[in-house]
Amino acid sequence: MSKLNLVQAVNQALFHEMDLNPNMVIIGEDVGQDGGVFRATDGLIHKFGESRVVDTPLSESAIIGTAIGMAAYGLNPVAEIQFMGFLYGAMEQLVCHAARLRTRSRGRYTCPLVVRAPYGGGIHAPELHSESTEAFFVHTPGLKVVVPSTPAEAKGLLLSSLRDPDPVIFLEPSKIYRAIKEEVPDEEVLIPLGQARLVAEGDQATLITWGAMLHPTLRAATIMSEQGVYTDIIDLRTLSPLDSDTIMKSVEKTGRAVIIHEAALTCGVGAEIAAQISEKALLSLVSPIVRVAGFDTGVPLPKLERYYFPGCDQIIEAIQKVLSF
Amino acid sequence: MPKRILEEFKVEWFQLLDECGTLDSSLLSPLLSPSESITKKEIQGFYESMVLIRSFDEKALKLQRMGRLGTYASICGQEAIQVGCAAALRSSDWFFPAFRESGLSILRGLPMKTLYQYWSGDERGSVVPEAHNDFPIAIPVGTHIPHAVGAAWAALYKKDKIAVLATFGDGATSKGDFHEGLNFAGVFSLPVVFLCQNNQWAISIPVSRQTAASTIAQKAIAYGFPGIQVDGNDVIAVYLVVKQALERARRGEGPTFIECLTYRLNDHTTADDASRYRSEEEVTLWQEKDPMRRLRRYLEKTYDWSTSHEEALQQEVNARISTAVEEYESVGPDDPLQMFDSLFETLPKDLLEQRAELKRRIEKEQEGARH
């Protein structure tokens with residue numbers, strides 16, 4: 001065990017897997033000598049060399065496009081995109097090719113590719129560096145979407161993603177890259193994709209969240225518990241595939257659901273979760289489902305960011321709302 | 001020195017077999033190594049291949065008109081490029097087609113039946129046989145170029161002595177992925193050959209609207225590797241230039257860009273009407289430069305190719321195509337559950353419910369059909 005932050009945990013997972021898998025290569029902008037703009041690939045080039053840790057031209061579509069070709073040829077590429085907002089230049093490659101290669105060739109070609117990108121707000125970064133548009137990828141059949149919420153989770157989920165035979169979009173919440181440290185096992189602990197985690201237990205409401213938003217959710221739950229309100233907290237970990245069994249089990253128990261995400265409200269992943277609850281657990285509900293989400297505006301520049309992203313206060317209000325209905 | 005010239009470039013043009021079927025053999029020797037030659041058998045083989053793929057194409061158009069095939073993109077007029085490339089490639093090389101390469105795919109060994117299936121809207125038409133290192137057809141224009149670059153990169157990483165060929169049209173050269181892909185190939189000196197079938201029309205947009213450059217070939221210069229323009233209706237020139245470029249790639253000397261100047265003699269696809277945007281005179285002019293007619297003239301002049309040879313060949317080809325059509329039309333229906341079963345290696349449990357729903361619908365339909 002060592003106490004690591006999320007970036008260090010990602011770095012440790014990459015070292016671990018590069019050691020084990022000679023077909024794994026890391027490509028991206030500044031991933032080599034510089035160790036990545038957030039240092040997630042720090043030191044890898046020195047251990048594994050320039051042929052396995054490759055600084056590429058500034059060219060997102062070609063990073064993803066060449067990674068698809070590499071994966072089809074038999075390598076396990078890991079592509080780093082510096083910020084989620086830069087991934088849009090590679091959307092055609094992800095949606096038209098990575099997501100479809102296995103299915104359209106009926107398994108003749110596969111795409112074991114991991115795309116890592118920091119995402120979300122809260123780091124006072126410039127314009128288009130604070131997006132959380134995970135729903136684009138969740139809406140694309142053929143892609144898996146993983147979002148870790150703590151350092152140990154990041155390591156276990158990244159190791160599973162690196163071994164997944166299909167393309168995985170691995171979104172690392174940049175707000176908590178360095179904000180939290182926790183004990184991370186030195187040895188290999190795999191966290192299977194598609195399984196949510198019940199972080200806290202209670203029977204009065206179900207709080208469903210992922211990524212950086214887990215932390216204000218935990219704070220809100222602690223405050224509520226001081227008032228005698230106990231809630232289930234579900235950290236989804238994987239947005240696609242979605243672990244709806246865990247969600248339904250909890251909602252059937254509590255009868256109340258609050259879904260919390262940074263992303264814009266409309267057609268966010270919360271909308272899908274709410275729809276599934278209404279389809280599968282409607283009669284267990286004793287209150288309407290409440291979503292706590294970003295506004296349907298563009299993410300503002302850092303000066304106004306705190307008005308955009310929901311926080312602990314809004315989560316408390318939402319819990320009170322479902323309790324008082 | 002306040003002003004000096006930093007770079008100058010030239011783009012070479014290759015043509016060995018002219019429109020009258022005359023071969024300039026003085027140009028052959030620089031393109032061949034001392035031990036090599038082009039035999040009569042090879043040249044005759046080129047012609048046989050052209051007849052095969054043109055007949056495949058004509059049959060596809062006929063089937064479409066009869067409602068027995070879906071929208072189809074004709075290769076008519078571009079056979080020399082496809083025959084030349086197929087002859088130059090080794091089976092261990094990888095090939096990444098766009099969607100106007102049916103001939104090249106057939107000559108690489110993709111069953112004609114499979115291509116008819118693809119153009120009929122049957123996804124099994126995208127399944128390339130296990131032993132073939134070819135990608136399925138790419139519909140989004142130019143986006144397969146980075147895949148070819150990635151495969152070449154992987155081959156270099158694995159120290160496989162192979163080359164990769166990516167083919168695309170003139171329209172693709174306006175896309176970002178063309179530039180991003182070529183740039184990567186140049187930066188990492190990858191074993192890949194880019195071949196543009198410049199048929200001068202991207203649906204209704206002439207090549208003059210794709211680029212202000214006088215050749216497409218010269219775009220390679222900006223990425224740090226050679227660009228060559230070839231008469232794309234001259235199979236011998238295409239074959240030799242592509243062969244050289246592939247060998248260069250296999251030797252580890254990096255990428256090459258080849259622009260093959262040709263003409264799309266038919267509509268863009270069967271859903272298009274080219275008379276809306278280009279003149280009959282232009283089409284007639286290019287019919288005169290037809291790659292097959294040119295090679296036949298050469299064979300007639302040089303090897304006494306006769307009408308009886310021609311008829312025997314056509315008969316044999318027709319028989320092969322009839323067989324392929326029979327095979328295509330006797331293929332049973334696809335399994336709809338493949339939508340789910342080939343989506344991921346293991347279908348996630350959240351999709352099991354949707355799969356079960358599709359299965360229920362199929363069973364209900366079958367049940368209905370029995371009553």
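Chain letters run A, B, ... following the sequence lines, proteins first and then strands; every chain starts at 1.
If you measure heavy-atom distances from Phe135(B) to chain A, the contacts under 4.5 Å come from both the backbone and the side chain. Proximity to chain A is limited to the side chain of Val187(B), based on heavy atoms less than 4.5 angstrom apart. Contact of Leu143(A) with chain B is made through the backbone alone, with heavy-atom distances under 4.5 Å. In this structure, chain B has heavy atoms under 4.5 Å from both the backbone and the side chain of Ala72(A). Using a 4.5 Å cut-off between heavy atoms, Gln276(A) makes no contact with chain B at all. For Ile64(A), no part lies near chain B; criterion is any non-hydrogen pair under 4.5 Å. Heavy atoms of Ile162(B) lying under 4.5 Å from chain A belong exclusively to its side chain. In this structure, chain A has a heavy atom under 4.5 Å from the side chain of Tyr118(B), while its backbone stays farther away. In this structure, no portion of Leu193(A) lies under 4.5 Å from any heavy atom of chain B. Proximity to chain B (any heavy atom under 4.5 Å) is shown, for Asp164(A), by neither the backbone nor the side chain. Only the backbone of Pro22(A) comes within contact range of chain B, with heavy atoms under 4.5 Å apart.
Arg108(A) contributes a side-chain N or O that, together with a main-chain N or O of Val128(B), makes up a donor-acceptor pair within less than 3.5 Å. Proximity of a side-chain donor or acceptor of Asp350(B) to a complementary backbone N or O of Pro241(A) within less than 3.5 Å is not detected.
Surrounding CD of Glu357(B) are more than 12 heavy atoms belonging to other residues, nucleotides or ligands, all under 6.0 Å away. Heavy atoms from other residues, nucleotides or ligands lying under 6.0 Å from NZ of Lys359(B) number 12 at most. Other residues, nucleotides and ligands contribute over 12 non-hydrogen atoms within 6.0 Å of the NZ atom of Lys280(A). Environment of NE2 in His46(A): crowded, with over 12 heavy atoms of neighbouring residues, nucleotides or ligands closer than 6.0 Å. Arg209(B) CZ: 12 or fewer foreign heavy atoms inside a 6.0 Å radius.
In this structure, a donor-acceptor pair under 3.5 Å is present between the side chains of Ser61(A) and Asp177(B). Using a 3.5 Å distance cut-off with no hydrogens or angles, the side chains of Tyr73(A) and Asn133(B) do not pair a donor with an acceptor.
When the candidates Ser240(A), Pro165(A), Ala71(A) are compared by the number of heavy-atom contacts under 4.5 Å with chain B, Pro165(A) comes out ahead. Contacts with chain A were tallied for Val164(B), Asp160(B), Leu156(B); Asp160(B) has the most, counting heavy-atom pairs under 4.5 Å. Among Gly176(B), Ala155(B), Pro348(B), the residue making the largest number of heavy-atom pairs under 4.5 Å with chain A is Ala155(B). Residue with the most contacts toward chain A among Gly181(B), Pro129(B), Gly125(B), Ala152(B): Pro129(B) (heavy-atom pairs, distance under 4.5 Å).
If you take OG on Ser244(A) and CD on Glu353(B), they are separated by 7.0 Å, rounding to the nearest 0.5 Å. For the atom pair OH (Tyr157(B)) and CG (Leu75(A)), the distance works out to 7.0 Å, reported to the nearest 0.5 Å.
A salt bridge does not link Glu123(B) with Arg104(A): every distance from a Lys NZ or Arg NE/NH1/NH2 to an Asp or Glu carboxylate oxygen is 4.0 Å or more. Ion pairing of Arg106(A) with Asp334(B) is present here, as a side-chain N (NZ or NE/NH1/NH2) and a carboxylate O approach within less than 4.0 Å.
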Show your reasoning for whether side chain to side chain contact (heavy atoms under 4.5 Å, CB included) applies to Val25(A) and Trp153(B).
-> CA-CA 11 Å; Val25(A) 294; Trp153(B) 200 347; over 6 Å; no
Step-by-step side chain to side chain contact (heavy atoms under 4.5 Å, CB included) determination, Glu180(B) to Gln93(A) | CA-CA 12 Å; Glu180(B) 294 197 24; Gln93(A) 288 296 342; over 6 Å; no
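Note: His147(B) and His97(A) have perpendicular aromatic rings, judged against thresholds of 30 and 60 degrees for the angle between ring planes.
The interface of residues 337-345 of chain B with chain A, defined by heavy-atom distances below 4.5 Å, comprises Gln338(B), Met339(B), Ser342(B), Leu343(B), Phe344(B), Glu345(B).
The shortest heavy-atom contact between Phe188(B) and Asp55(A) is CZ-O, 3.5 Å. Of all the heavy atoms in Pro57(A) and Asn183(B), the pair that sits closest is CB-ND2, 3.7 Å.
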